[in-house]
Amino acid sequence: MQKEQRKLSKRVKGSKNRAKQRQKVAELHEKVANQRKDFLHKLSRQIANAYTAVAIEDLNMRAMAQCLTLAKSTNDNGFGMLKTFLAYKLAEQGKQLVTIDKWYPSSKRCRYCQAINEELTLADRIWSCKCCGAELDRDINAAINIKNEGCRILGIA
């Protein structure tokens, strides 16, 4: 894809070769978009078939995309599309999609004692709770906290 885009940038504007190259680049972009959609459809179907309720965090993808270090990976992952696919596939089957507020401190809250670590930065992947001393992996802890909050919202003990 990069090679084809470089070729396009070197073509003379208005030429037939530029038009042909634009078509090639457009086809490559369409192929990547279709691959992403196919993967997300398959993943959302797998999740919808496996669970009766799904809890996800409502992330601000636009703000994350403006962050210099996360921009490309955030834009490439298609989280918004996955959320849309999950919503309609779960609704089709009479199942529930619970959206947790983006301000819920899922990674900063200790899953054992519920204490919140305010000093936690994005670089801290593993941290230890000051209250109970538990060693917590940031992502696993966030996933468990999101699950627990989703259960609380649904009224499941």
Side-chain angles (χ1 to χ4, degrees), residues 1-9 19-112 114 116-118 120-127 129 134-157:
M1 171 118 44
Q2 290 174 342
K3 186 178 177 184
E4 297 300 325
Q5 284 180 322
R6 274 196 299 272
K7 280 184 186 178
L8 175 63
S9 71
K20 284 189 229 171
Q21 192 62 33
R22 278 186 65 211
Q23 184 63 37
K24 274 187 194 176
V25 171
E27 286 169 5
L28 287 172
H29 278 289
E30 186 180 8
K31 181 180 179 188
V32 170
N34 288 339
Q35 286 174 327
R36 180 177 295 120
K37 266 190 210 165
D38 180 57
F39 171 75
L40 292 175
H41 270 297
K42 287 176 181 175
L43 179 65
S44 60
R45 175 57 61 203
Q46 189 178 10
I47 292 170
N49 289 343
Y51 302 102
T52 55
V54 177
I56 58 172
E57 194 170 18
D58 187 26
L59 299 171
N60 185 357
M61 298 309 284
R62 186 162 286 141
M64 286 175 71
Q66 291 174 350
C67 173
L68 294 175
T69 56
L70 297 173
K72 189 171 186 218
S73 59
T74 301
N75 286 330
D76 282 349
N77 68 18
F79 181 74
M81 217 183 304
L82 176 65
K83 194 167 122 179
T84 306
F85 292 166
L86 258 178
Y88 88 79
K89 285 177 183 166
L90 288 167
E92 267 178 2
Q93 297 178 2
K95 298 176 178 181
Q96 289 182 304
L97 177 67
V98 179
T99 307
I100 309 300
D101 184 48
K102 65 183 167 191
W103 300 114
Y104 180 74
S106 58
S107 353
K108 295 182 177 189
R109 177 169 289 187
C110 174
R111 68 176 181 249
Y112 300 111
Q114 305 304 313
I116 296 176
N117 182 355
E118 294 295 339
L120 193 66
T121 63
L122 197 56
D124 300 329
R125 303 318 298 168
I126 296 174
W127 59 280
C129 179
E135 282 284 317
L136 301 162
D137 179 283
R138 180 191 186 99
D139 298 326
I140 294 171
N141 184 56
I144 291 169
N145 282 334
I146 290 168
K147 182 192 92 169
N148 292 341
E149 182 67 7
C151 290
R152 187 192 66 75
I153 291 170
L154 289 171
I156 302 168

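Computation of the quantities below employed the complete heavy-atom set of this structure, encompassing side-chain atoms and omitting hydrogens, waters and symmetry-equivalent molecules.
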Return yes if some donor-acceptor pair links the side-chain N/O of [X] with the main-chain N/O of [Y] below 3.5 Å, else return no.
| X | Y | answer |
| --- | --- | --- |
| K89 | H41 | yes |
| E4 | Q21 | no |
| R138 | T121 | yes |
| N145 | S107 | no |

Between [X] and [Y], which heavy-atom pair has the shortest distance, and what is it?
| X | Y | value |
| --- | --- | --- |
| L154 | A53 | CD1-CB, 3.6 Å |
| S44 | L82 | CB-CD1, 4.0 Å |
| S106 | I146 | CB-CG1, 3.8 Å |

Measuring only between side-chain heavy atoms, which start at C-beta, is Q114 closer than 4.5 Å to R109? yes

Pairwise side-chain contact, L40 with T84, heavy-atom cut-off 4.5 Å (strictly under): no

Kindly indicate, with the supporting measurements, whether the criterion side chain to side chain contact (heavy atoms under 4.5 Å, CB included) is fulfilled by H29 and Q5. CA-CA 10 Å; H29 278 289; Q5 284 180 322; 2.9 Å; yes

Quick one: do L136 and Y112 satisfy side chain to side chain contact (heavy atoms under 4.5 Å, CB included)? Show the steps, please. CA-CA 10 Å; L136 301 162; Y112 300 111; 3.7 Å; yes

Test salt bridge (Lys or Arg N to Asp or Glu O under 4.0 Å) applied to E149 - qualifying residues, sequence neighbours left out: R152

Residue pairs passing the salt bridge (Lys or Arg N to Asp or Glu O under 4.0 Å) test with at least one member in residues 20-29, sequence neighbours excluded, are none

